[in-house]
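The structure presented is a predicted model; accordingly, all values stated were derived computationally and were not measured.
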Amino acid sequence: MSGGVDSSVAAHLLRAAGHEVIGLFMRHGESSPAVCPTPTTTAALPVLGTPHKQGCCSASDAADARRVADRLDIPFYAVDFAAEFGQIMDYFTAEYTAGRTPNPCVMCNNWLKFGKLCDYADQVGAEWIATGHYARLEAAAVAGNPPVLRRGIDEAKDQSYVLFGIDRKVLPRVMFPVGNYHKPQIRDVARQLGLRVAEKKDSQEICFVPDQDYAAFVRNRRGEGDLSGEIVTTAGEVVGRHAGLEQFTIGQRKGLGVAFGEPRYVVRLEAETRRVVIGRQEELLRSELTARDANWLIDPPDRPLECEVKIRYRSAPTPAVVEAIGERRLHVYLRQPRAGVAPGQAVVCYSGDRVLGGGWIE
């Protein structure tokens, strides 16, 4: 329970269906003695209200989640994941330093929400793990197979992309109560319940970078180390300098610090030379890519697979042919060249609204 409307209504729907529900708040970041004393795993969340250090979980979110749990009359606990969440922040920093574009939300799902929380569920004897993600699970057509992961019915809120990395063995104990609803319906339920979070805005930022200054976060966490370098065209002409690779991502147009008579985009980041390579929009187009650390929610294909792929969370699906190669790797042939293929982002494979699997773009 994050303190948002989705997880709050998810808890209500589960309780209304007859489940015995336990609410968990995932505490992360640097602890502040004022509001985030390090608890035991099942310590009840203290009353929050005093100012807290930057980087800690939001005190207002924690208070919102606790109020909802009280209203629903369910137990509520804070789980201290500060150490584990530090690994996600290290991953975020390392990816930007290496010239890649990270996706910490996917990693949080893989490592924490459907990783460490499974261990916690085992400790308390919980049969299911539920979240407020907009996605659906359906029973497999073949008995004994894991459930089928599908998009949420609300296309504008669908979050199936960030769930591709869930271990297939975990799926049978996962529930997504809001996946069969549209967001306005969820807000209506919250209003009917009299929950204060009914009108709460959706979180748009990365939770450990509340001011959205990714570059400053990376520099502060990385410490010493110069990532400044040249800005060059695809022809090799030096046209400027930059203060650090962490300021850029593939497809970026604004904030390049150089001016031309027509738009220029970041087409490549070279970690070894610390060069930012810029070019015209057509130079962004790619027809194929490879991905590592593949996770399949179906039996891994032993032949070329016709499907659709998404190369970013908000990108439109595009027809593709996917081949499994080597040890947990994919080769993706895009039927239509796409711009913005960024190393470090996930490529996720779909068949209609079903998630087949995916991997991390190299």
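Looking at residues two or more places apart in sequence or on another chain, you find a ring pair (Phe, Tyr, Trp, His ring centres under 6.0 Å) between Tyr333 and His331. Residues satisfying the salt bridge (charged side-chain N to carboxylate O under 4.0 Å, His left out) test with Asp64, not counting sequence neighbours, are Arg67, Lys200. Residues satisfying the salt bridge (charged side-chain N to carboxylate O under 4.0 Å, His left out) criterion with Lys169, sequence neighbours excluded, are Asp167. Tyr214 is linked by a ring pair (Phe, Tyr, Trp, His ring centres under 6.0 Å) to Phe92, counting only residues two or more places apart in sequence or in another chain. Considering only residues two or more places apart in sequence or on other chains, Ile88 meets the side-chain contact (heavy atoms from CB on, under 4.5 Å) condition with Phe85, Pro104, Cys108, Trp111, Leu112, Phe208.
Proximity of a side-chain donor or acceptor of Arg275 to a complementary backbone N or O of Gly236 within less than 3.5 Å is not detected. A distance-only check finds no donor-acceptor pair linking the side chain of Arg286 to the backbone of Arg338 [under 3.5 Å]. Side chain of Gln247 to backbone of Ala215: no donor-acceptor contact under 3.5 angstrom is found. Side-chain N or O atoms of Ser7 include one that pairs as donor or acceptor with a backbone N or O of Ser2 at under 3.5 Å. With hydrogens and angles ignored, the 3.5 Å screen pairs no side-chain donor or acceptor of Arg312 with any backbone N or O of Arg314. Of the possible polar contacts, none joining the Arg354 side chain to the Arg150 backbone as a donor-acceptor pair under 3.5 Å is found. Here the side chain of Gln212 pairs a donor or acceptor atom with the backbone of Val209 at under 3.5 angstrom. A distance-only check finds no donor-acceptor pair linking the side chain of Arg335 to the backbone of Ala320 [under 3.5 Å].
Between Gly358 and Phe164, the closest heavy-atom pair is C-CE1, 3.3 Å. Closest of all the heavy-atom pairs between Val21 and Ala11 is CG2-O, 4.1 Å. Of all heavy-atom pairs between Arg173 and Ala121, the closest is NH2-CB, 3.7 Å.
A salt bridge (Lys or Arg N to Asp or Glu O under 4.0 Å) with Lys183 is found for exactly one of Asp158, Asp154, Asp6, namely Asp6. With Val341 as reference, Ile311 is the one residue of Leu285, Leu284, Ile311 to meet the side chain to side chain contact (heavy atoms under 4.5 Å, CB included) rule.
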Practice task
Starting from the C-alpha separation in whole Å, work towards a yes-or-no answer on side chain to side chain contact (heavy atoms under 4.5 Å, CB included) for Glu230 and Val276.
Solution key: CA-CA 6 Å; Glu230 297 173 335; Val276 174; over 6 Å; no

Practice task
Determine, step by step, whether Gln252 and Thr249 satisfy the side-chain hydrogen bond (donor to acceptor under 3.5 Å, both in side chains) criterion, reporting the C-alpha distance in whole Å, the side-chain angles of both residues, the deciding distance to 0.1 Å, and the verdict.
Solution key: CA-CA 6 Å; Gln252 179 177 331; Thr249 186; 5.9 Å; no

Exercise for the section: Start with the C-alpha distance between Asp73 and Arg15, add both sets of side-chain angles, then the distance that settles side chain to side chain contact (heavy atoms under 4.5 Å, CB included), and finish with yes or no. Expected result: CA-CA 10 Å; Asp73 193 25; Arg15 192 172 182 278; 4.0 Å; yes

Exercise for the section: Check step by step if salt bridge (Lys or Arg N to Asp or Glu O under 4.0 Å) holds for Glu246 and Arg219. Expected result: CA-CA 8 Å; Glu246 67 275 7; Arg219 288 193 298 270; 3.4 Å; yes

Handout entry: Derivation of the side chain to side chain contact (heavy atoms under 4.5 Å, CB included) call for Asn220 and Val218
Key = CA-CA 6 Å; Asn220 291 338; Val218 170; over 6 Å; no

Practice task
Decide side chain to side chain contact (heavy atoms under 4.5 Å, CB included) for Val238 and Ile231; before the verdict, give the C-alpha distance in whole Å, the side-chain angles of both, and the deciding distance to 0.1 Å.
Solution key: CA-CA 6 Å; Val238 178; Ile231 300 175; over 6 Å; no

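Ile361 and Trp296 fall within a single hydrophobic cluster, where Ile, Leu, Val, Met, Phe, Trp and Tyr are joined by side-chain heavy atoms under 4.5 Å apart, directly or via other members. Criterion: ILVMFWY side-chain heavy atoms under 4.5 Å apart, direct or through other members. Under it, Val277 and Leu289 are not part of a common hydrophobic cluster. Cluster membership for Trp360 and Val347, using ILVMFWY side-chain heavy atoms within less than 4.5 angstrom, is not shared. Residues Leu149 and Ile298 do not share a hydrophobic cluster, clusters being chains of Ile/Leu/Val/Met/Phe/Trp/Tyr side chains in contact below 4.5 Å. In this structure, Tyr96 is not a member of the same hydrophobic cluster as Leu269, with clusters built from ILVMFWY side-chain heavy atoms closer than 4.5 Å.
The distance from atom CG of Asn180 to atom CZ of Arg136, rounded to the nearest 0.5 Å, is 6.0 Å. For the atom pair CG of Leu163 and CG of Asn109, the computed distance is 5.5 Å after rounding to the nearest 0.5 Å.
For the residue pair Thr234 / Glu283, a side-chain donor-acceptor distance below 3.5 Å is found, with atom types taken as modelled. Judged purely by distance below 3.5 Å, without hydrogens or angles, the side chains of Ser160 and Tyr350 pair a donor atom with an acceptor atom.
Of the charged side-chain nitrogens involved, at least one lies within less than 4.0 Å of a carboxylate oxygen, so that Arg264 and Glu262 count as a salt-bridged pair. Between Arg292 and Glu362 there is no salt bridge, since no side-chain nitrogen of the basic residue lies less than 4.0 Å from a carboxylate oxygen of the acidic one. A salt bridge does not link Arg27 with Asp61: none of the charged nitrogens is closer than 4.0 Å to a carboxylate oxygen. Comment: Arg222 does not engage Asp90 in a salt bridge, judged by the lack of any side-chain N to carboxylate O separation of less than 4.0 angstrom. Salt-bridge annotation for Glu327 and Arg329: absent, with no side-chain N of the basic residue lying under 4.0 Å from a carboxylate O of the acidic one.
Residue pairs that meet the ring-ring contact (aromatic ring centres under 6.0 Å, His included) test with at least one member in residues 232-269, sequence neighbours left out, are His242-Phe248.
Around CD of Glu155, the count of heavy atoms belonging to other residues, nucleotides or ligands within 6.0 Å does not exceed 12.
Ring geometry for Tyr161 versus Tyr313: interplanar angle of 30 to 60°, hence tilted.
For Arg66 and Phe25, the positive end is not near the middle of the six-membered ring at less than 6.0 Å and at most 45° from its axis.
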